[in-house]
J.: 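Below you will find the structure I want to go over with you.
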Number of protein chains: 2
Amino acid sequence: MTWNKTHKKNTKERVLQSAAQLFTQEGYEKISINQVMEHAQLTRGAFYAHFDSKSDLYAQAIKTAANNAHQAISKTTSDDIASLANHYLSETHRDKLLPQSCPLACLITDITQQDQKVKSVYTDVFKAFITNIDKLTNDQQRSFQIATLMIGGIALSKALEDQKLSDSLLSACQSAISTLANINKPSTDI
Amino acid sequence: MTWNKTHKKNTKERVLQSAAQLFTQEGYEKISINQVMEHAQLTRGAFYAHFDSKSDLYAQAIKTAANNAHQAISKTTSDDIASLANHYLSETHRDKLLPQSCPLACLITDITQQDQKVKSVYTDVFKAFITNIDKLTNDQQRSFQIATLMIGGIALSKALEDQKLSDSLLSACQSAISTLANINKPSTDI
DNA sequence: GTCTATACTAAGATAGAC
DNA sequence: GTCTATCTTAGTATAGAC
């Protein structure tokens, strides 16, 4: 790859990292192209050399954010479902202190209002999320249930103002996941 | 009450109903004051006779939307938790076909980005939601778990583009709620 | 590829007539 | 209390220099 191409790719990656972080924290509408570019230490005008539109950036940024979140949680957790859920449903994750929060949780509602392309990326990210849980449960229905408790639990806990309430919710979700994971599957074995 | 006061109250109520519906369907940023007023068959200028700001309207509209949703589901469901969950986690609710969708689900992410007052209303609505479930479960932790599966389930199912996937998710959540509701509580009885 | 400058649009909020 | 008209801000997107 020529120097120019490498340079362009690096710049684009920097913009994507900025966008991933800002969008997951603040949502699509609250963040302007200007903010993203400034965060990446560029000016507004340079934006359209890399992306077609704000929406285009959003779609790509969601993928980036998902990769970041996946890598972050992969490092800390072992290979059982309870441990995964406990790390995901943590107060740190709720309080935005993690540099890389999960876009599935932070952007649930946002997505409903976006165009097809964005929805499609979100759906793909969710499928990948389910696939990972499936490896631990070997039961797709359980995986859906656990995923909903994880994603919904963090999303709700972020929205609630009452911290005690929010804490109780997080721990209730952790407990539900343990419970569900330990129930024997209905006799689908052959 | 004088005619003027009654008239004003009616007008405000009409605006609130419009706002409740539009905001729950499209979110805070996607809906302008203009759209709300036009939907209520008024003009923009009349807005500030009733509300301090768009954010003020939003806070009050969430309460209105919650009342509507509560009344709607109260009519259709009986007094057991599985029936409630099945009505809530329905394809109709997901597909926006209900005139009155649940703001807790439709606006989860939206809320995180709003001011204190809005968050506070959302938290109150959530508490009322939990209280209602509590009447059926008599177990607060179970209620949190079930609420998360309901709210998170609808929110996720709305965001997913793949209908088959979304259908499976809804039914998985219904099933999880039945399972959790039927497990004997840990020995907290005296 | 990145910059500065600018066109264009939308929306929140206010003023003043009726 | 509701209207029309207007102010102001902010943000997407484009044009053109380097």
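We name chains A, B, ... by the order of the sequence lines, and we start the count at 1 in each one.
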J.: Starting from P on D:dG1, measure out to NZ on B:Lys8 and report it in whole angstrom.
T.: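 After rounding, the reported distance stands at 4 Å.
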J.: Consider the side chain of B:Ala49, meaning its heavy atoms from C-beta on, and name the nucleotide among C:dC3, D:dA13, D:dG1 that approaches it most closely.
T.: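 Output: D:dG1.
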J.: Reckon A:Tyr48 touches a base, only the sugar-phosphate, or nothing at all at heavy-atom distances under 4.0 Å?
T.: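 If one applies the 4.0 Å heavy-atom cut-off, A:Tyr48 turns out to touch a base.
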J.: Between B:Ser32 and C:dA10, does any side-chain N or O lie under 4.0 Å from OP1 or OP2?
T.: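 Negative; the distance criterion is not met.
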J.: To the nearest Å, give me how far apart CZ (A:Phe51) and C1' (D:dT12) are.
T.: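 Rounded to the whole Å, the gap is 15 Å.
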J.: Nearest whole Å is fine: how far is D:dT2 C1' from B:Lys12 NZ?
T.: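 In whole Å, D:dT2 C1' and B:Lys12 NZ are 16 Å from each other.
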J.: Considering only side-chain heavy atoms of B:His7, which listed nucleotide, C:dT2, D:dG1, D:dT12, is closest?
T.: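 Nucleotide nearest to B:His7's side chain: D:dG1.
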J.: Is the closest side-chain donor-acceptor distance between A:Glu161 and B:Gln116 under 3.5 Å?
T.: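 Their side chains do contain a donor-acceptor pair, which is all the 3.5 Å distance test asks for.
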J.: Without decimals, in angstroms, what is the distance between A:Phe47 CZ and C:dT4 P?
T.: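 After rounding, the reported distance stands at 17 Å.
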J.: In whole Å, I'd like the distance from the CD1 atom of A:Ile33 to the P atom of D:dT12.
T.: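 Rounded to the whole Å, the gap is 4 Å.
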J.: On the six-membered ring of A:Phe51, is A:Lys12 placed so that its NZ or CZ lies under 6.0 angstrom from the centre and within 45° of the ring axis?
T.: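 Positive - A:Lys12 is close enough to the ring of A:Phe51 and near enough to its axis.
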J.: Whole angstrom is fine here: how far is it from CG in B:Asn34 over to P in C:dA10?
T.: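 It works out to 11 Å between those atoms.
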J.: Report the residue (B:Gln41 or B:Arg44) whose heavy-atom-nearest nucleotide on DNA chain D is the more 5′ of the two.
T.: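 Comparing both residues, the 5'-ward one is B:Gln41.
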J.: Nearest-Å distance, CG (B:Asn4) to P (D:dG1)?
T.: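 Atom CG in B:Asn4 sits about 7 Å away from atom P in D:dG1.
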J.: Atom NZ of residue position A:Lys63 - does it have more than 12 heavy atoms of other residues, nucleotides or ligands inside 6.0 Å?
T.: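 Check fails, neighbour count at 12 or below.
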J.: In terms of relative ring orientation, are B:Tyr28 and B:Tyr58 parallel, tilted or perpendicular, with 30° and 60° separating the classes?
T.: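 Tilted, since the angle between the ring planes falls between 30° and 60°.
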J.: What is the minimum heavy-atom distance between A:His39 and A:Ser18, and which atoms define it?
T.: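 Between these two residues, the closest heavy atoms are ND1-OG, 2.9 Å.
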J.: With a 4.0 Å cut-off on heavy atoms, is B:Thr43 in touch with a base, just the backbone sugar-phosphate, or nothing at all?
T.: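 Answer is base: heavy atoms of B:Thr43 come under 4.0 Å of a base.
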J.: Check the phosphate of C:dT2 against A:Thr11, side-chain N and O only, distance under 4.0 Å to OP1 or OP2. Yes or no?
T.: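 Affirmative; the distance criterion is met.
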J.: Between atom CD in A:Glu29 and atom P in D:dG11, what is the gap in whole Å?
T.: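 Interatomic distance, CD of A:Glu29 to P of D:dG11: 11 Å.
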